[in-house]
S.K.: 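Have a look at this one.
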Amino acid sequence: MKVLVIGSGGREHALCWAIAKSPKCDELYCAPGNAGIDQVAISVPIAIDDLDAIMDFVTENGVDFVVVGPEGPLVAGLVDLLEAAGIKAFGPNARAAEFEGSKGLTKDLCAKYLIPTAEYARFNEPDAAKEYIRAHGAPIVVKADGLAAGKGVILCRNVNEAYAAIDHIMTESAFGEAGAEVVIEEMMTGEEASFFALVDGKTALPLVAAQDHKAAFDGDEGPNTGGMGAYSPAPVVTPDLAARVMDEIINPTIRGAAAEGRPYKGVLYAGLMMTEKGPQLIEYNVRFGDPECQALMMRLESDALELLLACAEGRLDEYQIKWRDDAALTVVMAAEGYPGAYEKGSEIRGLDKAGKLKDVMIFHAGTHEDDGRIIANGGRVLGVTALGKTIKAAQKRAYEAVDLIDWPEGFCRSDIGWRAVER
Ligand code: AMP
Ligand code: GLY
């Protein structure tokens with residue numbers, strides 16, 4: 001079959017790499033792709049938000065199945081367009097994608113279906129928001145309701161910071177329309193984990209859990225990023241806790257979403273806080289996490305294309321996923337300056353040598369090829385991913401590969417996986 005993957009990050013390279021291994025995959029395209037994706041798929045220069053161009057490409061080339069990586073095109077309704085045209089798609093439609101597109105909507109669902117999460121309130125008016133903050137005190141969390149490229153969450157240690165967050169989001173419109181409404185939440189404490197389940201509208205099938213490191217620097221210090229590294233399994237999510245997450249969070253969500261006229265299909269990514277009271281939902285994403293997806297795809301033994309297709313076609317009840325026992329760990333290499341301002345255009349050397357290490361894959365995020373040279377073209381640039389018998393062994397191998405990569409303009413954290421290794 002002919003498959004098109006939408007996106008250009010490490011997540012999409014990992015998805016393309018896994019899908020390309022399937023005997024069912026005859027032709028694989030990726031829009032817009034990157035230099036790493038070029039090695040397993042045909043990159044087509046179409047932007048992820050150009051839904052018309054994507055639809056034209058799909059119909060002109062007889063694409064059978066589209067796998068959507070990032071949330072933007074899901075929230076914009078790409079899956080709705082594809083399904084209306086009779087083309088199979090992996091991912092939720094626009095109504096179901098709103099669980100990522102509106103944090104308030106997810107919180108209301110949690111309240112109605114008794115899904116454990118932080119106490120909250122929604123506001124579209126700054127004075128009322130500040131009044132609530134005054135009444136509740138700090139610490140407190142202020143969030144823009146809509147999509148804000150992962151920057152719309154402000155953790156406030158005191159009330160003045162929370163007032164400033166309201167001004168920033170609502171009065172100064174730092175995130176545009178996404179901040180017309182805010183969600184204010186109680187601050188939860190605990191260890192975080194990323195929990196993934198495939199959902200076909202009826203059946204929810206848990207995948208393995210992962211953990212990522214959002215902070216830019218060692219020791220989980222510095223500004224938040226899209227993720228500087230990840231590993232799977234997540235030791236904090238024991239089998240007992242995973243069963244509780246399915247019973248208390250994922251399954252009630254799937255039933256609630258269907259009851260609200262937003263039946264969910266695709267991968268549901270629950271950001272969890274493992275608190276003293278048990279697992280609590282931080283938020284939903286309607287896509288795979290990145291870099292978590294890179295570690296997941298390395299551990300997946302089942303045919304990725306068959307699995308995603310079974311999800312799209314509502315056949316998950318007949319599916320049993322096979323995973324490797326090995327752990328996987330991803331170290332993200334980013335351009336110096338990320339998540340702030342950074343330069344593009346530097347050359348990366350040593351990738352061939354590093355990629356030849358056993359059980360290592362170097363997934364590309366922001367790269368392009370110029371005359372045989374690999375050039376940095378984004379903030380997060382590479383996801384150096386390795387397998388190992390334990391997380392510690394995977395960590396050692398991933399950093400061996402990192403050491404072979406010659407890219408003076410880049411940096412990475414040197415402690416990815418520390419929490420799991422210390423356990
Ligand atoms: P989100 O974009 O909602 O996942 O939030 C980004 C990060 O902010 C999360 O990964 C948490 O570290 C933190 N966070 C969000 N909401 C809360 C909360 N209610 N309590 C504590 N930390 C939170
Ligand atoms: N790694 C966090 C995310 O994909 O949102």
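Keep in mind that this is a model prediction, so the values were computed, not measured. Each ligand, and each atom within it, is numbered from 1 in the order the structure gives.
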S.K.: Can a salt bridge be assigned to the pair R262 and E260 using a cut-off of 4.0 Å between side-chain N and carboxylate O?
M.R.: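 The answer is no: the pair does not qualify as a salt bridge.
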S.K.: If you count the atoms of ligand 1 from 1 in the order shown, which ones are under 4.0 Å from a heavy atom of E185?
M.R.: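 What qualifies from ligand 1 is 16 (N), 18 (C), 19 (N).
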S.K.: About how many Å separate CD of Q280 and CD1 of I249, when rounded to the nearest 0.5 Å?
M.R.: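 These two atoms lie 7.5 Å from each other.
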S.K.: Atoms of ligand 1 less than 4.0 Å from K214 heavy atoms?
M.R.: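 In order of numbering, the contacting atoms are 10 (O).
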S.K.: Please determine which of I405, L404, T330 meets the side-chain contact (heavy atoms from CB on, under 4.5 Å) test together with V384.
M.R.: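 Looking at I405, L404, T330, the match for V384 under the side-chain contact (heavy atoms from CB on, under 4.5 Å) is I405.
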S.K.: Please report which non-hydrogen protein atom sits nearest to atom 11 (C) of ligand 1, along with the residue it belongs to and the distance in Å to one decimal place.
M.R.: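 Checking every protein heavy atom, the shortest distance to atom 11 (C) of ligand 1 gives E192 OE2, 3.1 Å.
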S.K.: Can you find an N/O atom of G226 closer than 3.5 Å to an N/O atom of ligand 2?
M.R.: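 Checking ligand 2 against G226, an N or O pair does fall under 3.5 Å apart.
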S.K.: Can you list the ligand 1 atoms lying under 4.0 Å from a non-hydrogen atom of E186?
M.R.: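 The atoms of ligand 1 under 4.0 Å from a heavy atom of E186 are 18 (C), 19 (N), 20 (N).
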S.K.: Considering only heavy atoms from C-beta outward, does the side chain of P235 approach that of Q211 to under 4.5 Å?
M.R.: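 Yes, side chains in contact.
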S.K.: Salt bridge between R122 and E185, side-chain N to carboxylate O under 4.0 Å?
M.R.: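 E185 and R122: not salt-bridged.
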S.K.: Under 4.0 Å from any heavy atom of M187, which atoms of ligand 1 are there?
M.R.: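 Reading through ligand 1 atom by atom, the close ones are 20 (N), 21 (C).
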S.K.: Under a 4.0 Å threshold between the charged nitrogen and the carboxylate oxygen, would K214 count as salt-bridged to D212?
M.R.: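 Looking at K214 together with D212, the answer is yes, because their closest N to O distance falls below 4.0 Å.
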S.K.: What are the atoms of ligand 2, with element, lying closer than 4.0 Å to any heavy atom of Y269?
M.R.: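 With Y269 as reference, the close atoms of ligand 2 come out as 1 (N), 2 (C), 3 (C), 4 (O), 5 (O).
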S.K.: Hey, what do you get for CG (L207) to CG (L307), rounding to the nearest 0.5 Å?
M.R.: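 Interatomic distance, L207 CG to L307 CG, rounded to 0.5 Å: 7.0 Å.
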S.K.: Which ligand 2 atoms, with their elements, are less than 4.0 angstrom from a heavy-atom of G289?
M.R.: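 Those of ligand 2 that fall under 4.0 Å from G289 are 4 (O).
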S.K.: Is K130 salt-bridged to D167, cutoff N-O under 4.0 Å?
M.R.: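 Yes, this pair counts.
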S.K.: Only heavy atoms of K103, strictly under 4.0 Å: list the atoms of ligand 1 that pass.
M.R.: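 Every atom of ligand 1 under 4.0 Å from some heavy atom of K103: 2 (O), 3 (O).
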S.K.: Please indicate whether K24 has more than 12 foreign heavy atoms, meaning atoms of other residues, nucleotides or ligands, lying under 6.0 Å from its NZ.
M.R.: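 No, the 6.0 Å shell around NZ holds no more than 12 heavy atoms from other groups.
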S.K.: Does L155 approach ligand 1 within less than 4.0 angstrom via side chain, backbone, both or neither, non-hydrogen atoms only?
M.R.: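 Only the side chain of L155 comes within reach of ligand 1.
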S.K.: Can you tell whether the side chains of D220 and R419 come within less than 4.0 Å, N to carboxylate O?
M.R.: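 Answer for the salt bridge query: yes.
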S.K.: Can you sort out which atoms of ligand 2 are near E292, meaning under 4.0 Å from one of its heavy atoms?
M.R.: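 Counting from 1, the qualifying ligand atoms are 1 (N), 2 (C).
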S.K.: Counting each atom of ligand 1 from 1 as listed, which ones have a heavy atom of V153 under 4.0 Å away?
M.R.: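 Matching atoms, with element in brackets: 1 (P), 2 (O), 3 (O), 5 (O), 8 (O), 15 (C).
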S.K.: Just to be sure I read this right, does ligand 1 sit under 4.0 Å from the backbone of E283, its side chain, both, or neither, counting only heavy atoms?
M.R.: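 Contact part for E283 vs ligand 1: side chain (C-beta onward).
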S.K.: Give the atom numbers and elements of ligand 1 that come within less than 4.0 Å of a heavy atom of I282.
M.R.: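 Numbered from 1, ligand 1 contributes 3 (O), 15 (C), 16 (N).
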S.K.: Heavy-atom pairs closer than 4.0 Å: do any link ligand 2 to the side chain of R287, the backbone, both, or neither?
M.R.: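 Answer for R287: side chain.
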S.K.: Please say whether K214 places an N or O atom under 3.5 Å from an N or O atom belonging to ligand 2.
M.R.: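 No, no N or O pair falls under 3.5 Å.
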S.K.: I'd like to know whether S194 forms a side chain to side chain donor-acceptor pair (under 3.5 Å) with E292, so could you lay out the CA-CA distance, the side-chain angles of the two residues, the decisive distance to 0.1 Å, and finally the verdict.
M.R.: CA-CA 8 Å; S194 305; E292 293 97 316; 2.7 Å; yes
S.K.: With a 4.0 Å cut-off, would you call R287 and E71 a salt bridge?
M.R.: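 Here R287 pairs with E71 in a salt bridge, since their nearest N and O are under 4.0 Å apart.
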S.K.: Answer yes when D326 and K389 have at least one side-chain N-carboxylate O distance shorter than 4.0 Å, and no when they do not.
M.R.: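 Salt bridge between D326 and K389, a charged N being under 4.0 Å from a carboxylate O: yes.
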S.K.: One residue to check: K143. Relative to ligand 1, which of side chain, backbone, both or neither has a non-hydrogen atom less than 4.0 Å away?
M.R.: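 For K143, the contact with ligand 1 is made by the side chain alone.
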S.K.: Can you list the atoms of ligand 1 that are under 4.0 Å from a heavy atom of M273?
M.R.: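 Checking each atom against M273, I get 21 (C), 22 (N).
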S.K.: Against heavy atoms of D212, which atoms of ligand 2 measure under 4.0 Å?
M.R.: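 Near D212, the atoms of ligand 2 are 1 (N), 2 (C).
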S.K.: For ligand 2, is there an atom lying under 4.0 Å from some heavy atom of G227?
M.R.: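 Outside the 4.0 Å threshold, so no.
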S.K.: Check whether any N or O atom of M188, backbone or side chain, sits under 3.5 Å from an N or O atom of ligand 1, and answer yes or no.
M.R.: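 Yes; at least one N/O pair falls below 3.5 Å.
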